[in-house]
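To keep things clear, I will list the structure first and then write my remarks on it.
Protein chains get the first letters and strands the later ones, always in sequence-line order, with residue 1 at the start of each.
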There are 2 protein chains.
Amino acid sequence: MAKVTLQTIADRLGVSRATVSYAFSRPDQLSDGLRRRILEVAGELGYAGPNPTARSLRLGRAGALGLLFSETLAYAFADPYAIGFFQGLATAAEDAGVGLLILPLPHGDRRSDPVRDAVVDAFCVMSLPDGHPALAEVLARKLPVVVVDEPYVAGHPFLGIDEPAAGAAAARHVLDLGHRRLGVVMVGLHEDGHSGWAGPERQETASFAAMRARRGGYQRACEEAGLDWAAVPFYEVARNSREAGRRAGHALLGRDPRPSAILANTDVLALGVLDAAADLGLRVPADLSVVGFSDSAAQEAGLTTIRQAKQEMGAAAGRLLLAGSAARPERRLFPHELVVRASTAPPAHRHP
Amino acid sequence: MAKVTLQTIADRLGVSRATVSYAFSRPDQLSDGLRRRILEVAGELGYAGPNPTARSLRLGRAGALGLLFSETLAYAFADPYAIGFFQGLATAAEDAGVGLLILPLPHGDRRSDPVRDAVVDAFCVMSLPDGHPALAEVLARKLPVVVVDEPYVAGHPFLGIDEPAAGAAAARHVLDLGHRRLGVVMVGLHEDGHSGWAGPERQETASFAAMRARRGGYQRACEEAGLDWAAVPFYEVARNSREAGRRAGHALLGRDPRPSAILANTDVLALGVLDAAADLGLRVPADLSVVGFSDSAAQEAGLTTIRQAKQEMGAAAGRLLLAGSAARPERRLFPHELVVRASTAPPAHRHP
DNA sequence: CAAGCTTTCTTAATTGATTAAGATCTTAAT
DNA sequence: ATTAAGATCTTAATCAATTAAGAAAGCTTG
């Protein structure tokens with residue numbers, strides 16, 4: 001079972017390689033009889049069809065979009081927000097008849113680097129921390145690139161939301177309800193895997209730009225409401241899991257004075273905070289208000305959150321990449337919306 | 001800004017193309033000085049690095065796994081069971097440093113066929129109906145293939161569960177609890193998009209093998225318990241959505257006599273049935289027992305279901321494909337497990 | 001019958017790399 | 001000084017296709 005190529009078939013029939021190629025890709029260039037014979041011999045020899053790699057090389061197109069995400073793929077597929085985005089992106093790719101190549105992050109192997117070796121026509125980069133080496137590798141490929149959420153890269157299209165405004169909207173919601181004792185739990189600030197209380201300097205040096213900006217929105221709204229931000233307990237977690245949210249919830253709710261409202265920068269985390277509240281016998285929203293983010297897992301739980309058009313963003317990213325070079329760099333901010341559900345209410349009793 | 005290739009750099013420096021290639025892929029073959037100069041000139045000229053397609057052609061490996069799924073990608077990313085599988089598969093790919101290429105189904109375009117053109121080293125095919133043309137296209141590629149859930153393809157590895165046994169376990173559970181008036185709702189039997197009551201002939205001619213087998217399990221358990229299967233109302237839906245499950249739930253619960261237990265072949269559908277029960281003011285499990293399937297969205301809702309090792313299956317599929325030809329065709333059935341939660345209980349009052 | 005037009009197939013350039021084997025030149029050891 | 005070994009670079013084959021342009025033959029038409 002040696003390799004069968006166009007040439008093998010050509011030799012067998014005493015015709016040229018070009019003729020065999022035409023038999024597969026341009027039937028009108030050939031007599032029906034010869035074409036039939038070629039296809040027949042191809043079948044006999046077990047020819048697998050024109051080699052896609054060679055085809056791709058000659059034609060100069062890969063027929064695929066590359067996708068790079070900050071986390072491990074196991075994580076990506078566990079994150080409802082990411083999934084929603086993938087869904088939109090995959091749909092755009094599907095409509096164009098191209099594949100979506102989900103890439104692992106380069107692991108310093110040098111021998112085989114997934115980004116360097118990816119056979120794609122364009123890249124979508126999502127949620128990478130500032131200065132992540134994978135981004136440089138993507139840019140080195142000189143292919144169309146669109147960045148989603150973070151980091152902003154000058155000269156390339158960017159898709160995201162107005163993070164400071166969205167963060168402020170979440171905070172303002174509970175502040176407007178009358179809450180004065182807030183707590184914050186955030187994931188995805190740093191890459192060091194640290195979980196625990198985070199002071200101002202750690203907050204401000206977060207390496208994920210979008211989360212940094214979102215946090216800035218929390219802070220601004222608090223300060224505009226007259227709160228001392230430095231006094232707002234801020235808990236950072238390393239993984240966006242319900243369990244991590246629960247632990248953070250316990251940490252925040254164990255403080256004295258106990259926060260009456262908690263802001264979480266993902267819905268998954270917020271669900272964990274709800275778990276913690278339940279553990280402690282606190283009633284939501286009577287004893288505690290909770291606000292999530294992204295509206296990715298909030299509906300059933302009745303969670304107040306900020307809705308993001310994740311699927312539309314994915315679809316837009318895909319279309320932008322597939323449109324080719326016609327698309328000029330643009331910085332496109334999608335709308336966000338505060339969705340008020342049953343997890344937020346005015347505080348039960350106000351302190352003077 | 002013309003195209004820059006290895007040759008461009010070679011010409012500029014008056015060295016051979018091979019030398020430039022070595023500068024990138026085998027630094028030890030070159031003097032440090034020359035290598036530095038080459039990389040410098042490459043930088044100046046804006047060289048994007050060795051072309052991955054050409055590289056792939058020469059090296060004979062694509063660095064990617066192809067994934068084919070029966071539904072549109074928008075659907076795939078909305079199905080918790082599929083996502084769980086993807087997660088496992090993606091993780092296996094990630095561990096091996098290869099990408100995962102999610103392919104759209106060929107759309108009869110002939111001009112550009114995603115399966116024919118996919119630059120991959122192997123294919124994972126999931127949940128395709130019997131005789132779907134995409135399967136033939138995959139097999140024509142003569143690459144390693146593993147099929148998941150359906151259809152079984154002789155000569156290629158197959159991964160799934162013991163569908164008849166799993167279906168029977170779900171049915172037996174409610175039968176053992178004492179239920180005698182069952183109802184069934186299933187999705188993914190046919191491709192014709194039909195929703196409504198399905199008689200025996202339609203049930204048995206379902207084009208998705210796994211679902212056909214699962215249904216056979218339902219039937220066998222019922223008959224073993226002395227029930228007349230033909231009298232069991234069977235509702236078929238076209239989409240695996242909560243809303244479709246709710247409609248099916250209304251149809252089933254509107255019958256006289258009303259079923260006291262409903263079997264759904266997905267958790268998402270089962271959640272819809274719970275919605276319908278809530279609409280009608282029925283209490284679960286007091287007035288109605290519901291069993292889902294796959295344990296993909298069941299936990300929070302307290303749904304009794306059949307747990308499948310979806311991530312393990314995905315990981316196993318990936319490893320099988322990445323292990324190369326060493327892996328002989330095997331038919332591997334993963335364990336399933338009945339997980340009893342709060343959605344099932346003995347019927348409230350028994351009829352003679 | 002000759003000119004012109006089609007149809008059908010071939011020639012050969014092109015796509016962009018990798019790598020074994022060979023050619024020089026330098027260095028070290030005898 | 002001679003020979004072997006090592007370092008450094010080149011030659012040329014190879015991977016598997018696509019496609020514009022050319023050639024040979026068949027067919028029509030005036």
Quick one: [X] [atom1] to [N] [atom2], roughly how many Å, whole number?
{"X": "Arg116(A)", "N": "dG16(C)", "atom1": "CZ", "atom2": "P", "value": "18 Å"}
{"X": "Arg37(A)", "N": "dC9(C)", "atom1": "CZ", "atom2": "P", "value": "8 Å"}
{"X": "Leu6(A)", "N": "dT11(C)", "atom1": "CG", "atom2": "C1'", "value": "16 Å"}
{"X": "Asp32(A)", "N": "dT7(C)", "atom1": "CG", "atom2": "C1'", "value": "12 Å"}
{"X": "Leu59(A)", "N": "dA16(D)", "atom1": "CG", "atom2": "P", "value": "16 Å"}
{"X": "Gln29(B)", "N": "dT11(D)", "atom1": "CD", "atom2": "P", "value": "17 Å"}
{"X": "Arg61(A)", "N": "dT14(C)", "atom1": "CZ", "atom2": "C1'", "value": "18 Å"}
{"X": "Leu30(B)", "N": "dC9(D)", "atom1": "CG", "atom2": "P", "value": "5 Å"}

N/O (side chain, [X]) to phosphate O (OP1/OP2, [N]) under 4.0 Å:
{"X": "Arg26(A)", "N": "dT19(D)", "answer": "yes"}
{"X": "Ser21(B)", "N": "dT18(C)", "answer": "yes"}
{"X": "Thr5(B)", "N": "dT15(C)", "answer": "no"}
{"X": "Ser56(A)", "N": "dA17(D)", "answer": "no"}
{"X": "Tyr47(B)", "N": "dA17(C)", "answer": "yes"}
{"X": "Thr19(B)", "N": "dC9(D)", "answer": "no"}

Nucleotide of [options] approaching [X] most closely (side-chain heavy atoms):
{"X": "Ala54(A)", "options": "dT19(D), dA16(D), dT18(C)", "result": "dA16(D)"}
{"X": "Lys3(A)", "options": "dA12(D), dA17(C), dA16(D)", "result": "dA16(D)"}
{"X": "Tyr22(B)", "options": "dT18(C), dA17(D), dA20(C)", "result": "dA20(C)"}

Exercise. What about Arg17(A), does its side chain sit under 3.5 Å from the base of dA16(D) through a donor-acceptor pair?
Worked result: no
Problem set entry | Under 3.5 Å donor-acceptor pair, Arg58(B) side-chain atoms to dT18(C) base atoms |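 Answer is yes: a donor-acceptor pair is held.
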Problem set entry | Arg212(B) bridged to Asp130(B) by N-O distance under 4.0 Å | yes
For this session: Mind telling me whether Phe158(A) and Tyr152(A) have parallel, tilted or perpendicular rings, with 30° and 60° as the class edges?
Result: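 Ring orientation of Tyr152(A) relative to Phe158(A): perpendicular.
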Exercise. Under 30°, 30 to 60°, or over 60°: which ring-plane class applies to Phe77(B) and Phe77(A), parallel, tilted or perpendicular?
Worked result: parallel
Exercise. When you match Gln7(A) and Asp28(B) each to their closest nucleotide on DNA chain D, which lands nearer the 5' end?
Worked result: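 The answer here is Asp28(B).
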Exercise. Under the criterion side-chain contact (heavy atoms from CB on, under 4.5 Å), which of Leu135(A), Val146(A), Val145(A) is the partner of Val153(A)?
Worked result: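 Looking at Leu135(A), Val146(A), Val145(A), the match for Val153(A) under the side-chain contact (heavy atoms from CB on, under 4.5 Å) is Leu135(A).
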Problem set entry | Residues Tyr47(B), Phe24(B); criterion ring-ring contact (aromatic ring centres under 6.0 Å, His included); working and verdict | CA-CA 11 Å; Tyr47(B) 179 56; Phe24(B) 284 95; 5.3 Å; yes
Exercise. What nucleic acid atoms does Gly49(B) come within less than 4.0 Å of, heavy atoms only: base, sugar-phosphate, or nothing?
Worked result: sugar-phosphate
Exercise. Will you find, in the side chains of Thr19(A) and Ser16(A), an N or O donor that is under 3.5 Å from an N or O acceptor?
Worked result: yes
Exercise. Quick one: on DNA chain C, does Val15(A) or Arg55(B) contact a more 5' nucleotide (nearest heavy atom)?
Worked result: Val15(A)
For this session: Report the base-pairing partner of dT26(C) (Watson-Crick or G-U wobble, both distances below 3.5 angstrom), or none.
Result: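 Its partner is dA5(D).
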